[in-house]
S.K.: 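Quick one: the structure is below, questions incoming.
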2 protein chains.
Amino acid sequence: MRLLLVEDERRIAADIASALAAAGYVVETVRDGEEAWFRGDTEDYGAVILDLGLPGMDGLAVLKRWRSNGRHMPVLILTARASWAERVDGIDAGADDYLPKPFRMEELLARLRSIVRRTAGHSSSVVSAGDIMLDERQMKVSVRGVPIALSPLEYRLVAYLLRHRGRVLSQHELDENVYGHGEDHDSNALEVLIGRVRKKLGPDLIETRRGFGYLVPETPA
Amino acid sequence: MRLLLVEDERRIAADIASALAAAGYVVETVRDGEEAWFRGDTEDYGAVILDLGLPGMDGLAVLKRWRSNGRHMPVLILTARASWAERVDGIDAGADDYLPKPFRMEELLARLRSIVRRTAGHSSSVVSAGDIMLDERQMKVSVRGVPIALSPLEYRLVAYLLRHRGRVLSQHELDENVYGHGEDHDSNALEVLIGRVRKKLGPDLIETRRGFGYLVPETPA
DNA sequence: AATGACCTGACAATTGGCTGACATGGATCA
DNA sequence: TGATCCATGTCAGCCAATTGTCAGGTCATT
C-alpha cells in the first residue's frame, strides 16, 4: 500500500518512513503543506500520515481542503501539540484518527492498520466509462454486464485509469501508480500491459495520445 | 441513539452520563464487567463507552468476547492507564477508538460522533452468502440447512469473511483479524485454513483473487 | 520516406496459491 | 501415567497464472 507521509522534521520523517517500509508500505515523504496538498489532491494514497506543525500551509487547512475536494483517503494526524481542543478540531476536520507525539512506532502501526481497515470499502466504489464498469469493493470489472477477469496489475491499471478518466495520463504517472516506483525507461512493460487490457476490455476504452500518454474519455451522462 | 456506558466510578459515570444525555443520547450505565458483557451481548446499542479498569471481568476481555461473538457496535475505550501497549491492545481487540483519561467532555463527544458516523450501517446476527448461513449468536454455521462443525479458527475466518462479504479481503487483513496479530510472513497457515474451510463448506463460498486476497461474493437478493 | 512512438505475439522465469503429509501440543479419559 | 483425539502450524512439491523481455511490426508526424 502506498502512503503519503507529511512531516517536516527530517529525522522523525526518516524514522517513521523506515518503520513503515519495514511493515511493507510504499512511502512517499513530503515536507511542506503546499506540496502535501498537491500530492494528496492528485495522487492516490492508501492513507496519509499528517503532521500538523508544518511550514507553508497548516496541516489542518490541508486536510480540510482535501475533504472539501472530495478526497476521502484515511488520514492519521500527528502532532506534538496535544491540547484537547486541537484533537477535536482534527477529528471534526475529517481526520480518521489522532496520535500525539511522542508515540511508539507500534502504536502508529496499529492505528494505521485500524484506520485503513475501517475505511476499506468506503470509497464510492463503482466507476464506469463507456461500456466498462469497475466495482472497487469487489475488485470486479465488467463489460456490458459481463464480468472480466483481470490480473492484479491489469486491475491496478484499469482502476487508476478509470478513477482519473477524462484526463491524459502520462506513461510516467501510470508507471508510478501501477508499479510502485518511478520508471525504468528501457522497458515497455506498461505498453504491453495496456495492450493486454485492451484485448480483454475492448480497444476503445483507452485512447492513445501519442507523445503524451493515455486517456479514458469521460462518458457524457 | 441508545448508548451503553461502562464505568465503575460513580461520579465519573454520572458526569459522562449527564453530558451524553444533554447531547441527546439515551444512556444506560453499568458498573461491572460481567453485567457489561451481558448487556452488550443481548441488547443493541448505537455505541458503547467502555472503561478498562473494571471490577469483575476486565474491559478488554469483555470487548474481545463481544467481538468474537460477532457483536459489532462501535466501542470507545476509556482508561486512565495510558501506556502505548494498552492502546495497541485495545485497538487490536476491536475497539473503534481510544480516549485516555483525563479528557474533556467535548473530546468524548467528538470521538463518539466520529465512530458512530464511521460504523453507520452495520449489525444483525444472522448472515448468509450463497448456501451458507452463519448465526453469530449461536456461533453456528450451516450449509443448505445442514449444520457444519467448525473449529474455533475456522469459525473466526468464516465469520469475518461473511461479515465483510462483497469486499476483497487481503491476506494481511485476514491474518490480522483471525489470528490476533500482524503476520509472520513465512507461513501459509491462512492458506491452509482457507483450504480446510473450503473442504467443509464447499469450494464455491470463497473466491480467490490472486494477488489481492479472497472474496465472498454478495448474494443478490 | 525517415523517425520515433507505440503495438503485438511468443516465451520463459517467477510467483502465488493449493494440497497432502507430517509434526506438535493441548485436552480428555481410562 | 499413557493413549488418543483434535486443532493447528509447517513443509515441500505441484500447477497455473502472471508478467517482464525481446524482436519485430505498424502508425502518425515531419
Side-chain angles (χ1 to χ4, degrees), chain A residues 1 24 26 139-141 147-161 168-217, chain B residues 68 139-141 147-161 168-217:
Chain A
M1 169 162 302
V26 177
M139 296 188 170
K140 246 181 201 163
V141 177
I148 305 283
L150 292 186
S151 81
L153 269 182
E154 290 163 0
Y155 177 83
R156 299 234 297 249
L157 175 65
V158 171
Y160 193 83
L161 286 168
V168 175
L169 306 168
S170 68
Q171 289 210 358
H172 185 84
E173 179 175 354
L174 291 174
D175 262 333
E176 222 171 58
N177 286 281
V178 172
Y179 307 87
H181 55 285
E183 72 205 288
D184 312 305
H185 228 317
D186 51 334
S187 154
N188 69 344
L190 181 64
E191 287 164 22
V192 175
L193 191 62
I194 295 257
R196 284 174 179 147
V197 167
R198 280 180 174 147
K199 194 177 291 177
K200 286 187 176 180
L201 301 184
D204 301 327
L205 173 66
I206 308 171
E207 294 178 9
T208 301
R209 286 280 181 280
R210 180 172 259 262
F212 295 104
Y214 299 90
L215 168 69
V216 171
Chain B
S68 73
M139 293 175 69
K140 260 185 190 157
V141 177
I148 305 283
L150 292 185
S151 80
L153 265 184
E154 289 164 359
Y155 177 82
R156 298 228 311 237
L157 174 65
V158 172
Y160 194 83
L161 286 168
V168 174
L169 307 169
S170 69
Q171 288 209 355
H172 187 86
E173 178 174 354
L174 291 174
D175 262 333
E176 221 172 60
N177 286 284
V178 172
Y179 307 87
H181 56 286
E183 68 206 289
D184 313 307
H185 226 318
D186 50 335
S187 155
N188 69 344
L190 181 64
E191 286 163 24
V192 175
L193 192 61
I194 294 258
R196 284 172 180 150
V197 167
R198 278 180 175 147
K199 199 174 290 179
K200 286 187 177 180
L201 302 184
D204 300 328
L205 173 66
I206 308 171
E207 293 178 10
T208 301
R209 286 273 178 290
R210 182 175 242 261
F212 290 111
Y214 299 90
L215 169 69
V216 171

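Letters A, B, ... are given to chains in the order of the sequence lines, protein chains preceding strands, and every chain is numbered from 1.
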S.K.: Out of the candidates B:Ile206, B:Leu215, B:Val216, B:Leu161, only one should pair with B:Leu169 under the side-chain contact (heavy atoms from CB on, under 4.5 Å) rule; please name it.
M.R.: B:Leu161
S.K.: Looking only at side-chain N and O atoms, does B:Tyr179 come under 4.0 Å of OP1 or OP2 in D:dG9?
M.R.: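 Affirmative; the distance criterion is met.
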S.K.: With DNA chain D as reference, determine whether A:Lys200 or B:Leu190 sits nearer its 5' end, using the nearest nucleotide of each.
M.R.: B:Leu190
S.K.: With ring-ring contact (aromatic ring centres under 6.0 Å, His included) as the rule and sequence neighbours excluded, what pairs involving residues 188-214 of chain B come up?
M.R.: A:Tyr155-B:Phe212
S.K.: Below 4.0 angstrom, N of the basic side chain to O of the carboxylate: do A:Glu154 and A:Lys200 qualify?
M.R.: yes
S.K.: For B:His172 and C:dG16, what is the distance between atoms NE2 and P respectively, to the nearest whole Å?
M.R.: 16 Å
S.K.: If you round to the nearest 0.5 Å, how far is OG of B:Ser151 from CZ of B:Arg196?
M.R.: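 Atom-to-atom, B:Arg196:CZ and B:Ser151:OG are 8.5 Å apart.
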S.K.: In whole angstrom, what separates B:Leu193's CG from D:dA7's C1'?
M.R.: 10 Å
S.K.: Rounded to the nearest angstrom, tell me the gap between atom CD1 in A:Ile206 and atom P in C:dC6.
M.R.: 14 Å
S.K.: Figure out the CG/P separation between A:Leu205 and C:dC7, and round it to whole Å.
M.R.: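 Rounding to the nearest Å, CG of A:Leu205 and P of C:dC7 are 13 Å apart.
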S.K.: Taking atom P of C:dC6 as reference, at what distance in whole Å does atom CG of A:Asp175 sit?
M.R.: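 Interatomic distance, CG of A:Asp175 to P of C:dC6: 12 Å.
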S.K.: Kindly give the heavy-atom pair with the smallest separation between A:Pro152 and B:Gly211, and that separation in Å.
M.R.: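 It is CG-CA, 3.9 Å.
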S.K.: Is A:Ser187 close enough to D:dT21 that one of its side-chain N or O atoms is under 4.0 Å from OP1 or OP2 there?
M.R.: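 Yes, such a contact exists.
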S.K.: Between protein and nucleotides 17-26 of chain C, map the contacts as a letter string: B base, S sugar-phosphate only, - none, heavy atoms under 4.0 Å, written 5' to 3'.
M.R.: BBBS------
S.K.: Judged by modelled atom types alone, do B:Ser170 and B:Arg209 share a side-chain donor-acceptor pair under 3.5 Å?
M.R.: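 On atom types as modelled, these side chains do not qualify, holding no pair under 3.5 Å.
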